[in-house]
Amino acid sequence: MADYSKEEIRRIEEKWRANWIKNRVYKTDIDPAKPKYYVLDMFPYPSGAGLHVGHPLGYIASDIVARYKRIKGFNVLHPMGFDAFGLPAEQYALEHGIHPAVSTQQNIETFKRQLGQIGFCYDWSREVQTCDPSYYKWTQWIFLQIFDSWYNRRKQQAGRISTLIEILALEGNTNHPFPSSKSRTRDGKEVFSASEWKEFNEKTKQEILMHYRLAYLAYTDVNWCEALGTVLANDEVINGVSYRGGFPVVKRQMRQWSLRITEYAERLLSGLDQIDFSESMKDIQRNWIGKSEGARIEFQVKSEKGTVTSMTVFTTRPDTIYGVDFMVVAPEHDMVKQITSKAQQQEVDAYLKYVESRSEIDRMAEVKKITGCFTGAYAINPMSKKETPIWISEYVLAGYGTGAIMGVPCGDERDYKFAKHFKLPITNIIGSHYDGSEANPTFDAILENSGSLNGMVMRDAIPVVVSELEKLVAGASQINYKMRDAGWSRQRYWGEPFPVVYREDMPYAMDEADLPLTLPDSDNFKPSGSGEGPLANIPDWISFAPGQKRDSSTMPTHAGAAWYFLRYMDPHNDKEFADRKSLDYWNQVDVYIGGSEHAVAHLLYSRLWVKILHDLGYLNFDEPFKKLINQGKITGDSRFVYRLRGKNTYVSSGLIGQFETDPLHVDVSLANGLELDVEGFKKSRPDYANAEFVLENGKYICGSAIEKMSKSKYNVVNPDDIIGRYGADTLRMYEMFLGPLEQSKPWSTNGIDGVYKFLRKFWNLFHDGSGTFSVNGDAPSPDELRTLHKTIKKVQHDIESFSFNTSVSEFMICANELTGLKCNKRQVLEPLVVALSPFAPHVCEELWSLLGYDRTILEATYPAVEEKFLQVSSHAYPISINGKVRATMEFALDMPAAEMERIVLASESILKWTDGKPPRKVIIVPGRIVNIVL
RNA sequence: GCCCGGGUGGUGGAAUUGGUAGACACGCAGGACUUAAAAUCCUGUGAGCAGUAAUGCUUGUACGGGUUCAACUCCCGUCCCGGGUACCA
């Protein structure tokens, strides 16, 4: 008896999975004869909780694509690995004393076992783990390449530091100014000559080079989290608190590694046009990069010391230059000290003290609060020559633009509020567009009170002002980016050590031959608290030789993840990060599937590393991912019980208004829908054994909420349970059937029976009533062929457009139709097995072998869609009159429109509807509809 | 506040991008098989009205307008929901 029963499913699935492993069916090698296709999943962080039903959603989709492409004749690279460094393992070590290496390996084993059950076609021989020294050797090696690089703005690409040294020795830095406007030589110079360069000693030279390196060490403002004892990246800080734990975060200066990603801002931005990411994903990256075009304008400053200095502002609206009523600089700005007058000194000091006292959280919470202080100095407007007061205010950020702005209250909301608050005069340059009650940032006003610009439309005035400023040597057009350089140091143990050696406080690259610099074994994972990482607890390792020290920080998890997709191409290479032949062959990732939460960090860093490696000549492509699909998150559906305060009595959710209760999460598996399994609940925990209940209509109804799936909320549904009940094929198809891949949705097993029934129905097509395998070789009927071709055409189209939910529906329709036709013909069923195999690989392999094919993989190609068949086939055209459908008529699809029109208009039933009136026009949409307009 | 998505039956969701709205599935109702239940199969299922019935008509894709022979789809306005971002000059 071969019913599609639970036992039979288990037998089939175990049989084929064993077969795949034994025969290494999914092992992939370079094959120049075939086109390649690279399908990549975002590799998981192996958390202790194991896999829940949300994880496989994207993996199933990518597996379908990989199998489909393989059937289509592509050589498919479909690897999997683990992002195994990271904070949770370290926290776990702190709490339980288990070394991160140990817990990480255990977790990876669990993940691999669970992934194995779902029937993925990964080439496990290519597995990578970022915490493996043979892997992070190359993470460190790439870091050193970045350290040994600078960004040549003239060529718009990275070059080796040696080329920079040659240039500096030849011409100083006049043609290649410091990338950061704040950089200076040791003696305070922005520009130096070739001869000056030659005079510098080794340390000074190294310091200067550091200002150019793409991986550099500098004192930077970092987000310091006292509770975690570590520095956090900007994207790890949310609303002024740490993203893990929610601990307060303050700004602090520390000597940190950074990546000069800002040099790549423009290329990261323009590169988006060449890759297929969703618009929203591109928008998130564009916002993050935050390009804004405007002008830099220089104002002479008149202080008590005379006109001794100048200040530069950045503005996107140089056209409003005549509307400047005041200037504002950031409290941290260097010039504050220089320009403050004696009369204002006390007030300024008090204000600076106040600003310093405010934490990030305060500042964020009170963004609308207006504060500020006059410096006593004035700025001279380069166009109008008008003198305006210079103020300090925290609403101007030191880190953006020049840290100083020109205040135009009639056109800018914040400037307006500032002027009103401090009762500063407001000049109106936009006539009736400004009504005195709020600022108006229009571009369309005709300028007034604007000297030479009077009468011009604002948007047209922008280039005019810029060119006038250029003539006055008081400004130029300028582009600014919001994006900051990426902090690359973490005060943590479980990460890649920096492969550098400090001599006289300057870092030098380690020899390639000495890599990897392995993470020393330790049992003390506590941060040193001073700001140094746990590695500082191992002095022998830090100060490993006289006069030489190592870095006590490690790299962020982003480091290992920034290039793992390259390592998959040649994972066992111990001479290079991957050999050139593999890199050129596998090339870009054709489809990358993963969550949208990595929009700014991981995806930007990966794109950066690939661009740098490209510039240095290691890669022939400069975008890693051709296409990105963001699968939605599967959320949990939690259940609650309501306990009477202080009692062991539980109140049904409809009645809680009458009592004082506390909600408690209860395991989802104990509820059937919303109804609690009271007996099961009592048995679930000893302290529930004597529970009492206040029921409604004899039932206990739980509360519910849609929340993130997590252990602590008891709403985790494990894929193993679903596989145990229905098999992996049903799980795979059900997760696809749930809805569009990109959409987030709560997990629910409503409807999983429908998918299971489909598979059984499909199985039964190949079996007679008694469960015996039975197909016949008769020629298919037109109806059967129609169903077959329609299904294959639609399914192909759906897979190509990542619309897997509708693919599943198509298969269901197909099975229904063939069941209705009682079709068990080999010629129809064989192609369907091939078409379905990406979705339900186990059952399809079984059927394939029952059909008599002795092959380990289904390598048939999809039968070409028979366009000919579709053309001769007919379509029931709805005939509408003035847009309203009145009848249907059957026509061949290849009938000329004129012929159809003649037949339609001659039809008696149509004449009845039109009262014999001749139509104004007849619209015929081939394959769709005929519309008669009266 | 700003920038993206989105709003379709009792539910999840289809609609080939302007061409018969509600495919497919769940749920529900009725029926068949059964001593009975489960399982399975069949039929019906947006709402409203008329009809014994086949069927016919009206209405219907968050709300209000518009364009069109024809609008879930395009345009204008409003209201909700989700995501991103936030003193970025």
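Residue numbers begin at 1 in each chain, while the letters A, B, ... track the order of the sequences.
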Pairing of [X] and [Y] as salt bridge, 4.0 angstrom limit:
X      : Y      : value
A/R786 : A/D783 : no
A/E438 : A/K420 : no
A/E810 : A/K790 : no

For atom [atom1], what is the distance between [N] and [M], given to the nearest Å?
N     : M     : atom1 : answer
B/C63 : B/C81 : C1'   : 15 Å
B/A50 : B/A37 : P     : 36 Å
B/C74 : B/G84 : C1'   : 27 Å
B/C72 : B/U17 : C1'   : 11 Å
B/A38 : B/A32 : P     : 15 Å
B/C87 : B/G83 : C1'   : 22 Å
B/U67 : B/C75 : P     : 15 Å
B/C24 : B/U20 : P     : 16 Å

Does the side chain of [X] get closer than 4.0 angstrom to OP1 or OP2 of [N] through an N or O atom?
X      : N     : answer
A/S292 : B/A89 : yes
A/Q743 : B/G6  : no
A/R286 : B/C4  : no
A/R886 : B/C57 : yes

Please step through side-chain hydrogen bond (donor to acceptor under 3.5 Å, both in side chains) for the pair A/D325 and A/T388, ending with a clear verdict. CA-CA 6 Å; A/D325 290 311; A/T388 51; over 6 Å; no
Measure the [atom1]-[atom2] distance between [X] and [Y] for me, rounded to the nearest 0.5 Å.
X      : Y      : atom1 : atom2 : value
A/Q743 : A/I634 : CD    : CD1   : 11.0 Å
A/Y756 : A/R725 : OH    : CZ    : 11.0 Å
A/I792 : A/C814 : CD1   : SG    : 8.0 Å

Whole angstroms only, please: what is the [atom1]-[atom2] distance between [X] and [N]?
X      : N     : atom1 : atom2 : result
A/K369 : B/A86 : NZ    : C1'   : 19 Å
A/I879 : B/G19 : CD1   : C1'   : 12 Å
A/M406 : B/A89 : CE    : P     : 13 Å
A/M311 : B/A89 : CE    : P     : 17 Å
A/M281 : B/C4  : CE    : P     : 15 Å
A/L738 : B/A14 : CG    : C1'   : 15 Å
A/I284 : B/C2  : CD1   : C1'   : 14 Å
A/K745 : B/G6  : NZ    : C1'   : 14 Å

Does a donor on one side chain sit under 3.5 Å from an acceptor on the other, for A/S292 and A/N480? no
Checking all strands, does A/R760 fall into the base, sugar-phosphate, or nothing category for heavy-atom contacts under 4.0 angstrom? sugar-phosphate
Next on the checklist: Under 4.0 Å, heavy atoms only, any strand: does A/N882 hit a base, just the sugar-phosphate, or nothing?
Outcome noted: sugar-phosphate
Report task. Check whether any side-chain N or O of A/K822 sits under 3.5 Å from a backbone N or O of A/L765 as a donor-acceptor pair, and report yes or no. Result -> no
Per nearest nucleotide of RNA chain B, the residue lying toward the 5' end, A/K884 or A/G403, is A/K884
The residue, A/T819 or A/Y400, whose nearest nucleotide of RNA chain B is more 5′ is A/T819
Regarding A/R317 and the six-membered ring of A/F443, is the cationic atom NZ or CZ under 6.0 Å from the ring centre and inside 45° of its axis?
-> yes
Among the candidates [options], find the nucleotide nearest to the side-chain atoms of [X].
X      : options             : answer
A/T315 : B/A89, B/G84, B/G19 : B/A89
A/P740 : B/C87, B/A89, B/G13 : B/G13
A/V925 : B/G19, B/A89, B/U40 : B/G19

Per the O4'-C1'-N9-C4 / O4'-C1'-N1-C2 angle with a 90° window around 0, B/U17 comes out syn
With syn defined as a glycosidic angle within 90 degrees of 0 and anti as anything else, the base of B/G6 is anti
- So A/K369 and A/E394, salt bridge (Lys or Arg N to Asp or Glu O under 4.0 Å) or not? Walk me through it. CA-CA 10 Å; A/K369 193 169 160 187; A/E394 58 181 336; over 6 Å; no
Which protein N or O atoms sit under 3.5 Å from an N or O of nucleotides 20-25 of chain B?
{"from": "B/A25", "atom 1": "OP1", "to": "A/N816", "atom 2": "ND2", "distance (Å)": "2.9"}

Secondary structure of RNA chain B per the Watson-Crick/G-U criterion (both distances under 3.5 Å; [ ] crossing, | other strand, . unpaired) is (((((((..(((......[....)))((((((.......))))))(((((....)))))..(((((..]....))))))))))))....
Which of A/L57, A/I629, A/L628 passes side-chain contact (heavy atoms from CB on, under 4.5 Å) with A/I593? It is A/I629
